[in-house]
J.: 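Dropping the structure in here first, questions after.
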Number of protein chains: 2
Amino acid sequence: MDQRQALIAFGALSQETRLHIVRMLVVSGPDGMAAGAIAEKAEVSPSNISFHLKELERSGLIAQQRESRSIIYTANYEALGGLVRFLMEDCCSGHPEICAPAAEVAACCAPKMKEKLQ
Amino acid sequence: MDQRQALIAFGALSQETRLHIVRMLVVSGPDGMAAGAIAEKAEVSPSNISFHLKELERSGLIAQQRESRSIIYTANYEALGGLVRFLMEDCCSGHPEICAPAAEVAACCAPKMKEKLQ
DNA sequence: TCAATGATTCAAGGATTATTGAAATATGGA
DNA sequence: TCCATATTTCAATAATCCTTGAATCATTGA
């Protein structure tokens with residue numbers, strides 16, 4: 001993730017409906033959610049959700065795939081991880097204050113992280 | 001960091017000049033930088049840098065303190081850490097793909113992280 | 001007190017982004 | 001083919017954000 005992409009990703013996450021969408025898709029996992037289901041849960045009109053989904057896809061934070069009549073959206077975990085990484089990058093050189101709180105949350109990933117820290 | 005704050009923080013980071021400012025301040029550490037120095041490095045007019053610094057301060061990602069005639073800005077490491085945390089929160093419940101890449105970068109914080117992972 | 005320095009505020013404008021509803025597209029089944 | 005469903009696209013409006021330059025405020029030293 002370079003700075004250009006990060007800018008777009010931050011912009012994508014800076015809007016209430018879109019942040020809501022991303023969090024829903026992260027939770028819903030690889031099955032994702034259809035556009036209509038997202039619109040319903042977010043209580044937004046179809047055309048409006050479409051606008052925001054497009055913006056999120058442009059940012060690379062989500063992906064789409066057609067399944068019959070529905071279009072299924074899924075979170076792009078790599079891109080989200082890349083954004084976290086971008087946020088932490090400059091900091092770690094001398095400023096573990098930023099990484100440390102992340103480590104707390106990352107405790108759930110303990111097995112994978114322990115590998116990395118060997 | 002709650003969702004409302006995160007929205008503002010993402011918005012703050014979604015603008016080129018502001019993202020540049022934050023990265024400079026993170027690197028410059030606790031000494032921070034004066035508004036004028038920031039404006040010079042970012043090649044932006046004083047009034048424009050002031051506009052963006054205000055926005056960043058509103059987001060809580062940076063803080064200011066007057067020192068003689070200058071106003072010194074510093075990165076708020078807690079807030080930045082809080083944002084990283086927020087980004088990772090929903091993910092870890094079943095989706096360590098997001099946390100894992102973060103762990104790579106966080107290797108610099110290994111001592112602190114190993115404590116947390118005991 | 002006066003001038004110089006460092007920075008902010010303000011109003012005007014230009015630019016971008018968000019919302020809305022109507023129309024269009026794509027798919028699957030009767 | 002025709003209809004219903006699921007979604008997107010488009011154009012118009014509304015709202016927000018960014019930039020600019022002039023004016024203002026705060027601090028320091030002569």
Side-chain angles (χ1 to χ4, degrees), chain A residues 3-25 28 31-76, chain B residues 3-25 28 31-76:
Chain A
Q3 170 154 334
R4 194 191 124 275
Q5 276 185 293
L7 271 170
I8 296 174
F10 286 134
L13 294 175
S14 71
Q15 205 280 339
E16 195 166 11
T17 302
R18 288 197 297 260
L19 185 53
H20 190 187
I21 292 172
V22 169
R23 303 192 81 175
M24 284 196 297
L25 291 182
S28 78
D31 288 348
M33 292 174 74
I38 296 170
E40 201 175 353
K41 268 230 172 187
E43 299 182 13
V44 189
S45 76
S47 86
N48 189 246
I49 213 76
S50 195
F51 169 82
H52 289 303
L53 286 169
K54 196 179 171 191
E55 193 68 12
L56 281 170
E57 218 208 346
R58 189 175 75 91
S59 79
L61 294 176
I62 71 173
Q64 65 165 202
Q65 80 203 86
R66 180 176 281 277
E67 191 154 312
S68 177
R69 264 182 287 213
S70 297
I71 294 184
I72 307 292
Y73 286 89
T74 47
N76 181 343
Chain B
Q3 170 152 334
R4 195 192 123 272
Q5 275 186 293
L7 272 170
I8 297 174
F10 286 134
L13 294 175
S14 71
Q15 205 279 339
E16 196 167 11
T17 302
R18 289 197 295 260
L19 184 55
H20 190 187
I21 292 172
V22 169
R23 303 192 82 175
M24 285 196 296
L25 291 182
S28 78
D31 288 348
M33 292 173 73
I38 297 171
E40 201 174 353
K41 269 230 171 186
E43 299 182 13
V44 189
S45 75
S47 85
N48 190 246
I49 213 75
S50 197
F51 170 81
H52 289 303
L53 287 170
K54 196 179 171 189
E55 193 67 12
L56 281 170
E57 219 209 344
R58 189 175 75 92
S59 78
L61 295 176
I62 71 173
Q64 66 164 200
Q65 78 203 86
R66 180 176 280 277
E67 191 153 313
S68 176
R69 265 183 287 215
S70 298
I71 293 183
I72 307 292
Y73 286 89
T74 48
N76 182 344

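Below, read A as the first sequence line, B as the second, and so on, with proteins coming before strands; counting in each chain starts at 1.
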J.: Between the protein and nucleotides 12-19 of chain C, are there any N/O to N/O pairs under 3.5 Å, and if so, what are the atom names and distances?
T.:
residue: C:dA18; atom: OP1; partner: A:R18; partner atom: NH1; Å: 3.3
residue: C:dA18; atom: OP1; partner: A:R18; partner atom: NH2; Å: 2.8
residue: C:dA18; atom: OP2; partner: A:R18; partner atom: NH1; Å: 3.2
residue: C:dT19; atom: OP2; partner: A:N48; partner atom: ND2; Å: 3.3
residue: C:dT19; atom: OP2; partner: A:H52; partner atom: NE2; Å: 2.6

J.: For A:E57, which residues count as a side chain to side chain donor-acceptor pair (under 3.5 Å) partner, sequence neighbours excluded?
T.: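 Not a single residue meets the side chain to side chain donor-acceptor pair (under 3.5 Å) criterion with A:E57.
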J.: Output all residues satisfying side chain to side chain donor-acceptor pair (under 3.5 Å) with B:E55, sequence neighbours left out; order by chain, then residue number.
T.: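 B:E55 satisfies side chain to side chain donor-acceptor pair (under 3.5 Å) with B:R58 only.
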J.: List the protein contact pattern of nucleotides 1-8 of chain C with one symbol per nucleotide (5' to 3'): B for base contact, S for sugar-phosphate-only contact, - for none; contact means a heavy-atom distance under 4.0 Å.
T.: ---BBSSB
J.: Based on the rotation axes of five pairs at each end, what angle does the helix from C:dT1-D:dA30 to C:dA12-D:dT19 bend through, to 10°?
T.: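 One end axis against the other gives 20°.
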J.: Could you work out, with side-chain contact (heavy atoms from CB on, under 4.5 Å) as the rule, every residue matching A:A75, not counting sequence neighbours?
T.: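 In terms of side-chain contact (heavy atoms from CB on, under 4.5 Å), with neighbours along the sequence ignored, A:A75 is linked to A:L25, A:V26, A:Y77, A:L80.
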J.: By side-chain contact (heavy atoms from CB on, under 4.5 Å), which residues pair with B:L19, not counting sequence neighbours?
T.: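 Partners of B:L19 by the side-chain contact (heavy atoms from CB on, under 4.5 Å) criterion, ordered by chain and then number, come out as A:Q3, A:L7, A:F10, A:F86, B:L13, B:R23.
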J.: Rounded at 0.5 Å granularity, tell me how far CD1 in A:I71 sits from CE in A:M33.
T.: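 It is 15.0 Å, given to the nearest 0.5 Å.
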J.: If you take all heavy atoms of A:A12 and A:L56, which pair is closest and at what distance?
T.: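 For A:A12 and A:L56, the tightest heavy-atom pair comes out as CB-CD2, 3.8 Å.
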J.: For residues 33-42 of chain B, which residue pairs qualify under salt bridge (Lys or Arg N to Asp or Glu O under 4.0 Å), counting only residues two or more places apart or in two chains?
T.: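 Of all non-adjacent pairs touching residues 33-42 of chain B, none passes salt bridge (Lys or Arg N to Asp or Glu O under 4.0 Å).
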J.: So, using salt bridge (Lys or Arg N to Asp or Glu O under 4.0 Å) as the criterion, who are the partners of A:R69 when residues are at least two apart?
T.: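 Counting only residues at least two positions away or on another chain, A:R69 forms no salt bridge (Lys or Arg N to Asp or Glu O under 4.0 Å).
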J.: Suppose we screen for side-chain contact (heavy atoms from CB on, under 4.5 Å). Which residues come up paired with A:S45, at least two apart in sequence or across chains?
T.: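 For A:S45 the side-chain contact (heavy atoms from CB on, under 4.5 Å) partners, ignoring immediate neighbours, are A:S47, A:N48.
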J.: Name all residues meeting the side-chain contact (heavy atoms from CB on, under 4.5 Å) criterion together with B:R4; count only those two or more places apart in sequence or in a different chain, and write none if there are none.
T.: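 Residues passing side-chain contact (heavy atoms from CB on, under 4.5 Å) with B:R4: B:D2, B:I8.
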J.: Using a 4.0 Å cut-off to any heavy atom of chain B, which nucleotides of DNA chain D are the first and last in contact, reading 5' to 3'?
T.: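 The contacted stretch runs from D:dC18 to D:dT28.
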